[in-house]
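In what follows, a single structure is set out as structure tokens and then discussed.
Please read all numbers here as calculations on a predicted model, not as lab measurements. As a basis for the values below, the full set of heavy atoms in this structure was taken, side chains included, without hydrogen atoms, waters or symmetry mates.
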Amino acid sequence: MSTYALTNSWLSPLVRAVESHGKDPRELLVGELDILDLADPANAWIDHDSMTRLWKRAVAITNDPAIGLLAAGYIGPATFGSLSFAMNASDSALTALRVSVRFHEIGSSAATWSMRSDAEYVEITQKMRGPLGAYEQKDANVGAVLNICRSIGDPRVRYDKLIIGRPAPADISAWQGFFGIEPEFRGNGESFMRFARRPLEVR
């Protein structure tokens with residue numbers, strides 16, 4: 001078992017992504033999380049290795065290598081419990097990002113998040129503390145950040161630059177379509193997201 005953990009809130013979007021492919025989510029969960037109640041309070045923890053196996057199993061079940069992007073689309077206003085409520089109560093996407101990064105500074109042992117900004121740009125970096133884990137989780141993380149910013153502020157917000165900390169997929173068309181730009185891929189586990197600042201300040 002890994003010494004690293006992350007919020008189990010990602011289980012619900014992953015289950016919904018599997019269901020959207022017409023698959024029975026019990027096929028995803030059987031034998032792996034028999035004792036886990038999906039109704040547990042948000043922000044309970046799941047072992048990093050277990051979550052990695054679930055992402056990989058989801059790809060095998062659905063034959064969808066971009067399932068992380070699909071799961072990011074199922075992030076709702078309460079998915080991450082208190083974090084989601086705090087972000088949705090923010091006056092702008094910029095404030096919400098600050099809340100999220102601060103939360104992850106104390107709320108995840110699997111990765112570190114940092115943020116810097118100036119008059120022109122806002123940049124967020126996510127670095128893995130331990131193993132790289134599932135590529136799909138990396139996709140889901142950067143997809144969720146973008147979707148949350150759009151839901152809180154300007155729905156046209158997009159990344160100015162995006163590096164996803166995973167090896168490049170064989171066909172990047174799904175990633176180009178989702179983000180509206182061509183992301184870079186680096187298999188070192190470090191993701192980098194840069195926004196133009198002004199759209200994030202829309203109230």
Side-chain angles (χ1 to χ4, degrees), residues 1-85 87-88 100 103-104 107-111 126 128 130-148 150-151 164-180 183 185 187 189 191:
M1 180 176 289
S2 173
T3 58
Y4 300 96
L6 67 161
T7 174
N8 72 5
S9 298
W10 271 110
L11 283 170
S12 177
L14 180 57
V15 164
R16 292 185 66 186
V18 169
E19 287 179 319
S20 73
H21 278 278
K23 302 295 183 180
D24 187 340
R26 289 175 294 186
E27 188 178 352
L28 172 71
L29 299 172
V30 66
E32 184 69 50
L33 298 170
D34 290 335
I35 62 172
L36 181 65
D37 182 358
L38 291 181
D40 276 352
N43 304 326
W45 300 114
I46 182 171
D47 174 69
H48 186 262
D49 290 346
S50 296
M51 196 68 212
T52 297
R53 286 193 294 271
L54 285 170
W55 282 108
K56 294 183 181 301
R57 186 179 294 173
V59 174
I61 292 170
T62 64
N63 197 30
D64 180 5
I67 197 167
L69 303 179
L70 182 60
Y74 288 111
I75 296 298
T79 300
F80 299 111
S82 56
L83 171 60
S84 288
F85 290 121
M87 293 181 73
N88 281 285
S100 179
F103 173 88
H104 283 96
S108 173
S109 65
Q126 183 211 38
M128 299 305 296
L132 176 59
Y135 303 160
E136 298 74 28
Q137 180 76 64
K138 305 293 291 184
D139 297 335
N141 286 336
V142 296
V145 169
L146 180 62
N147 282 346
I148 291 170
R150 286 174 170 171
S151 70
I164 307 177
R166 53 155 292 178
D171 179 2
I172 68 170
S173 59
W175 285 258
Q176 287 177 301
F178 185 93
F179 294 110
F185 296 90
S191 293

Side-chain touch [X]/[Y], heavy atoms, less than 4.5 angstrom:
X	Y	value
D64	V59	no
I164	Y135	no
L70	S20	yes

Item to check | S191 side-chain N/O to G165 backbone N/O, donor-acceptor pair under 3.5 Å | outcome: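 At least one qualifying donor-acceptor pair exists.
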Checklist entry - Between W10 and F80, is the ring centre distance below 6.0 Å? => result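 For W10 and F80, the ring centres are under 6.0 Å apart.
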Checklist entry - What pair of heavy atoms forms the shortest contact from E136 to K56, and how long is it? => result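 Smallest heavy-atom distance, with atoms named: OE1-N, 4.5 Å.
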Item to check | Minimum heavy-atom distance between A174 and L69, given as atom pair plus value | outcome: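 A174 and L69 have their closest heavy atoms at O-CD1, 3.8 Å.
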Next on the checklist: Rounded to the nearest 0.5 Å, what separates atom CD in E27 from atom OG1 in T62?
Outcome noted: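 Atom-to-atom, E27:CD and T62:OG1 are 10.0 Å apart.
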Checklist entry - Could you give the distance from OG1 (T52) to CD (Q137), rounded to the nearest 0.5 Å? => result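 Nearest 0.5 Å value for the OG1-CD distance: 7.5 Å.
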Item to check | F178 CZ: over 12 foreign heavy atoms closer than 6.0 Å | outcome: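 Correct, the count exceeds 12.
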Item to check | Test log, rule side chain to side chain contact (heavy atoms under 4.5 Å, CB included), inputs F185 and I172 | outcome: CA-CA 10 Å; F185 296 90; I172 68 170; 3.8 Å; yes
Item to check | Identified side chain to side chain contact (heavy atoms under 4.5 Å, CB included) partner of V18 from the options L29, D24, I67 | outcome: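 Only one of L29, D24, I67 forms a side chain to side chain contact (heavy atoms under 4.5 Å, CB included) with V18, namely I67.
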